[in-house]
2 protein chains.
Amino acid sequence: MLKTKRITAILDYVQRKHSVSLDDLVKEFNVSKNTIRRDVQELVDQKKLQKVYGGVSIPRPLTVPYQDRKIQNFKEKEIIAELAADYIKDGDIIFLDSGTTTGAILEFIKNKSLTIVTNNMDFTLDATPYPQLQIYGTGGVFERSTRSYVGMDSAETIAKYNFNKAIMATTGLSIDKGFTNSSPLETQIKRNAMEKSETIFVLADHSKFDRYSITTYGYFDEIDYIITDREPPKHYIDAASEYKNHIIYPK
Amino acid sequence: MLKTKRITAILDYVQRKHSVSLDDLVKEFNVSKNTIRRDVQELVDQKKLQKVYGGVSIPRPLTVPYQDRKIQNFKEKEIIAELAADYIKDGDIIFLDSGTTTGAILEFIKNKSLTIVTNNMDFTLDATPYPQLQIYGTGGVFERSTRSYVGMDSAETIAKYNFNKAIMATTGLSIDKGFTNSSPLETQIKRNAMEKSETIFVLADHSKFDRYSITTYGYFDEIDYIITDREPPKHYIDAASEYKNHIIYPK
DNA sequence: ATTCATATTACCAAAACTTACTCATGAATT
DNA sequence: AATTCATGAGTAAGTTTTGGTAATATGAAT
């Protein structure tokens, strides 16, 4: 195998796995650890990868708060994201709401052919290596805390698109208060996205149940799927059958 | 098989495979390694291919290395950016065009209090640590090669803002063709930004003079300042006095 | 704070690949 | 018949890549 080919393959592999050990790479590419080190070094020099003790990962020159949030309940978010990814098909035009749970889905859909509209800057960044993903950003004021674009510009841009699926995030849900979020600036964006989408998915890990934030952006009768990481409390199952929602969780 | 035919076939083959070893080519075309070498050399001379150890690959990796481009003429870009930064004052509302030279200005204005509107994703990312910079992104299709948002959405968003300064990039300028850029998708964005801005700066290092690209986004009588890294050819000085432009370069 | 397993770095020699030659052959051209 | 050209084959010298080993550094556990 050509060295250059191997190096691009390594980059690809790491991007797919997010981070891998050197031993993994040795096994995968059947060359010595020494060689892997040298290859990795080249990619590091090109700023394509980052070394971590014992392996490599993709570089994330991100500011702290978002990074931290990403790690919280990471396992649960991955489970949810993988379940949700099953519903995404080639050719879909999806709205991908800003959030850490929704962001995890990229990993599972990156090889599909999709049009993704998002107000989150990191999603655009993360999707860059995958040319099958056509990315539309919404404009607007950049909000540092959520690393997303908010405000009327963003909402107006979204109102012009038609989605067949909307993947929504939430900071809390309850049966009477519906789906809530903590940034009023984002509410209009979410409303517009929901109104223009055929099917609406809400991704929420178990910690989000029976909690609520300042603004409500939707109610149970407006959405189609709730995807979570474990069996929810019984009253949600009941509510779901009343409102004809599908609640999806690992069996 | 004719030599010329074989050579075009080799080019074709490599482009399809992205990169191949010489041995592969020997097998594929049933000629000696010697001949393959000679053929490949011709293609390399024509810049159609590039040699890598053990084989050949296409000259540019498919993903355009924006990070790499950033380094080209880095010194010049810094000089220009620093000159331009002098004109930016607290409270300004500026349009910052996508480009490597324009991007360099961030470093010199990061501690001012500004509102920056940009279609480039990296600028948003780079500006994140500096809360005095309020960032507005333009929406639209994300273009990987320039790492910016383009298209009508972006242009429409910009048309809604009023700037007092626009910092423009260009891939080439000449007196009769004006200021040009290579992506027609960006032209409308640039036009809108210029029309809504009180003062217009064009940043162009010396290599951009007397060169032009596919589309013209503006002419000398429409702009106010040209900022460059060394004294430009005399006919530009003359043109500047005719059109009342200011040409700024280090004394 | 010390110890131990593992990761990293530095260096070397072998292997693989290039480059730059020379030379012989056969086909096409003059 | 002489000349030109593309090709294959081979050789020697130089480079790049690679895998192994020894020395050093690091992280985790005691």
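All values below come from the heavy atoms of this structure, side chains included, with hydrogens, waters and symmetry mates left out. To find a chain, count down the sequence lines: A is the first, B the second, and so on, and within it residues start at 1.
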May I ask you to decide whether [X] forms a salt bridge with [Y], counting only side-chain N to carboxylate O separations under 4.0 Å?
{"X": "B:D24", "Y": "B:K27", "answer": "no"}
{"X": "B:K33", "Y": "B:D23", "answer": "yes"}
{"X": "B:D39", "Y": "B:K3", "answer": "no"}

Rounded interatomic separation in angstrom, taking [atom1] from [X] and [atom2] from [N]:
{"X": "B:N30", "N": "D:dA9", "atom1": "CG", "atom2": "P", "result": "12 Å"}
{"X": "A:R6", "N": "C:dA16", "atom1": "CZ", "atom2": "P", "result": "14 Å"}
{"X": "B:K51", "N": "D:dT17", "atom1": "NZ", "atom2": "P", "result": "14 Å"}
{"X": "B:K3", "N": "C:dA27", "atom1": "NZ", "atom2": "C1'", "result": "15 Å"}
{"X": "A:I7", "N": "D:dT17", "atom1": "CD1", "atom2": "C1'", "result": "11 Å"}

Just checking B:K33: base, sugar-phosphate only, or nothing, at a heavy-atom cut-off of under 4.0 Å?
-> nothing
Report the end-to-end axis angle of the helix from C:dA1-D:dT30 to C:dT30-D:dA1; each axis comes from five terminal pairs, and the value is rounded to 10°.
-> 30°
Looking only at side chains, do [X] and [Y] share a donor and an acceptor under 3.5 Å apart?
{"X": "A:Y236", "Y": "A:T228", "result": "no"}
{"X": "A:S19", "Y": "A:S57", "result": "no"}
{"X": "A:T146", "Y": "A:S98", "result": "no"}
{"X": "A:T171", "Y": "A:S182", "result": "no"}
{"X": "A:S148", "Y": "A:E186", "result": "yes"}

Of all the choices, D:dT15, D:dG8, D:dT26, which nucleotide is nearest to the side chain of A:Y53 once you look at every atom?
-> D:dT26
Nearest to side-chain heavy atoms of B:L22, which nucleotide of C:dT18, D:dT26, D:dT18 | C:dT18
So, with a heavy-atom separation below 4.0 Å from DNA chain D, the residues of residues 34-43 of chain A are A:N34, A:T35, A:R38
Across all chains, not counting sequence neighbours, the side chain to side chain donor-acceptor pair (under 3.5 Å) partners of A:R37 are none
